[in-house]
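What follows is one structure encoded as structure tokens, with my remarks underneath.
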Amino acid sequence: MTEGNSRLLWALRILSALFLLAAGGIHLYLVFNGTGGVLGVMFVLNAVAALVLAIAMLVLHGRMLRLATVLSLLFLVATLGALVLALTVGLFGIRSTWDLALVPETVIIESIGIVVLAITTYAVFRTPLPAAARREGV
């Protein structure tokens, strides 16, 4: 892998981590500003998962990085999907509207995050695994 590709991959990993943190941060902000009950608990779990995945994007290598990128992409797709369901047909008996706090911003951030994570996932899978990882099956 060339140095330019390595730098690009690092930039994508950092950008992916930032979008994960932004999505999780929005959910945590909403908990601290009035979202309670079951939805509040789910929002806290979302924030914790986003933090764990963001850290994984920055510290893992090889096949574990591949797993982290796929899980991160699926996480943001599921998070945005849950919001879209809440906005349309309702989710767990909860119906959301576009005029609620941070709904439009969340849709924008998570949509861009999905695109960034899709590109990052592609780049990670295009990067050859280190020889040791290939030999050991790691």
Side-chain angles (χ1 to χ4, degrees):
M1 179 162 60
T2 66
E3 186 175 331
N5 287 347
S6 177
R7 285 184 184 180
L8 175 62
L9 184 57
W10 263 110
L12 287 169
R13 290 171 67 178
I14 291 167
L15 198 55
S16 295
L18 289 174
F19 275 103
L20 287 163
L21 290 174
I26 288 171
H27 287 88
L28 199 56
Y29 172 85
L30 293 171
V31 169
F32 286 130
N33 287 283
T35 303
V38 173
L39 186 59
V41 171
M42 288 191 294
F43 279 13
V44 169
L45 293 174
N46 181 287
V48 170
L51 177 62
V52 169
L53 289 168
I55 291 169
M57 290 297 299
L58 299 176
V59 301
L60 295 179
H61 301 284
R63 288 201 172 108
M64 293 304 290
L65 176 61
R66 289 179 174 188
L67 177 63
T69 59
V70 170
L71 290 176
S72 296
L73 177 59
L74 292 174
F75 171 77
L76 274 188
V77 167
T79 301
L80 181 60
L83 178 56
V84 169
L85 283 174
L87 287 167
T88 54
V89 297
L91 182 65
F92 304 123
I94 299 166
R95 181 106 181 190
S96 190
T97 60
W98 281 97
D99 59 343
L100 290 176
L102 298 178
V103 168
E105 294 85 351
T106 302
V107 170
I108 292 167
I109 288 171
E110 291 179 354
S111 296
I112 296 170
I114 288 169
V115 172
V116 168
L117 271 158
I119 294 167
T120 304
T121 301
Y122 176 78
V124 166
F125 274 85
R126 293 274 303 165
T127 303
L129 290 172
R134 284 194 308 268
R135 274 194 314 271
E136 297 170 7
V138 175

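Just so you know, residue 1 is the first one in the sequence shown, and it goes up from there.
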Open item on the list: With side-chain contact (heavy atoms from CB on, under 4.5 Å) as the criterion, how do Asp99 and Val103 come out once you've worked through the C-alpha distance, each side chain's angles and the decisive distance to 0.1 Å?
Closed with: CA-CA 7 Å; Asp99 59 343; Val103 168; over 6 Å; no
- [ ] Taking all heavy atoms of Ala47 and all of Gly24, pick out the closest pair and write down the distance.
- [x] CB-O, 3.4 Å
- [ ] Answer with yes or no whether the hydrophobic clustering places Met64 together with Phe125; edges join I, L, V, M, F, W, Y residues whose side-chain heavy atoms lie under 4.5 Å apart.
- [x] no
TODO: Locate the shortest heavy-atom distance separating Glu110 from Ala23; write the atom from each residue and the value.
DONE: OE2-CB, 3.9 Å
- [ ] Could you tell me whether Arg13 sits above the aromatic face of Trp10, with NZ or CZ closer than 6.0 angstrom to the six-membered ring centre and within 45 degrees of the axis?
- [x] yes
Open item on the list: Under the criterion side-chain contact (heavy atoms from CB on, under 4.5 Å), I'd like the reasoning laid out for Thr79 against His27: C-alpha separation, chi angles, the key distance, then a yes or no.
Closed with: CA-CA 10 Å; Thr79 301; His27 287 88; 3.6 Å; yes
Task: Thr120/Leu15 under side-chain contact (heavy atoms from CB on, under 4.5 Å): CA gap, chis, key distance, verdict - done: CA-CA 9 Å; Thr120 304; Leu15 198 55; over 6 Å; no
Open item on the list: For the CG atom of Leu60 and the CG atom of Leu65, what is their distance to the nearest 0.5 Å?
Closed with: 6.5 Å
Open item on the list: Between Thr127 and Asn5, is there a side-chain donor-acceptor contact under 3.5 Å, judged purely by atom types and distance?
Closed with: no
Task: From CD1 (Ile114) to CG (Leu76), nearest 0.5 Å - done: 5.5 Å
Task: Path from Leu45 to Leu51 over hydrophobic side-chain contacts below 4.5 Å - done: no
Task: Whether over 12 other heavy atoms sit under 6.0 Å from Tyr29 OH - done: no
Open item on the list: Within this structure, what is the CD1-CG distance for the pair Ile26 and Leu102, rounded to the nearest 0.5 Å?
Closed with: 6.0 Å
Open item on the list: For a quick test of reading the model, state the closest non-hydrogen atom pair linking Phe75 to Ala49 and the distance between them.
Closed with: CE1-CB, 3.7 Å
- [ ] Rounded to the nearest 0.5 Å, what's the gap from CG on Leu30 to CG on Leu100? Could you check?
- [x] 9.0 Å
TODO: State the OG-CG distance between Ser16 and Leu21, to the nearest 0.5 angstrom.
DONE: 11.0 Å
Open item on the list: Quick one, Thr69 with Tyr122, criterion side-chain contact (heavy atoms from CB on, under 4.5 Å). Give me CA distance, side-chain angles, the key distance, then yes/no.
Closed with: CA-CA 9 Å; Thr69 59; Tyr122 176 78; over 6 Å; no
Task: CG-CG distance between Leu117 and Leu20, expressed to the nearest 0.5 angstrom - done: 5.0 Å
Task: Atom of Val31, atom of Gly40 and distance for their closest heavy-atom approach - done: CG2-O, 3.5 Å
Task: Residue pair Met57 / Ala17: nearest heavy atoms and the distance that separates them - done: CB-CB, 4.4 Å
TODO: Give the cluster check for Ile109 versus Val115: same hydrophobic cluster or not, with ILVMFWY residues linked at side-chain heavy-atom distances below 4.5 Å.
DONE: no
TODO: Considering non-hydrogen atoms only, spot the tightest contact between Leu53 and Ala68 and give its length.
DONE: CD2-O, 4.4 Å
Open item on the list: Is there a path of hydrophobic side-chain contacts, each under 4.5 Å between heavy atoms of I/L/V/M/F/W/Y residues, joining Val77 to Val124?
Closed with: yes
- [ ] Treating Ile, Leu, Val, Met, Phe, Trp and Tyr as nodes and any side-chain heavy-atom pair under 4.5 angstrom as an edge, say whether Leu73 and Leu83 lie in one connected cluster.
- [x] yes
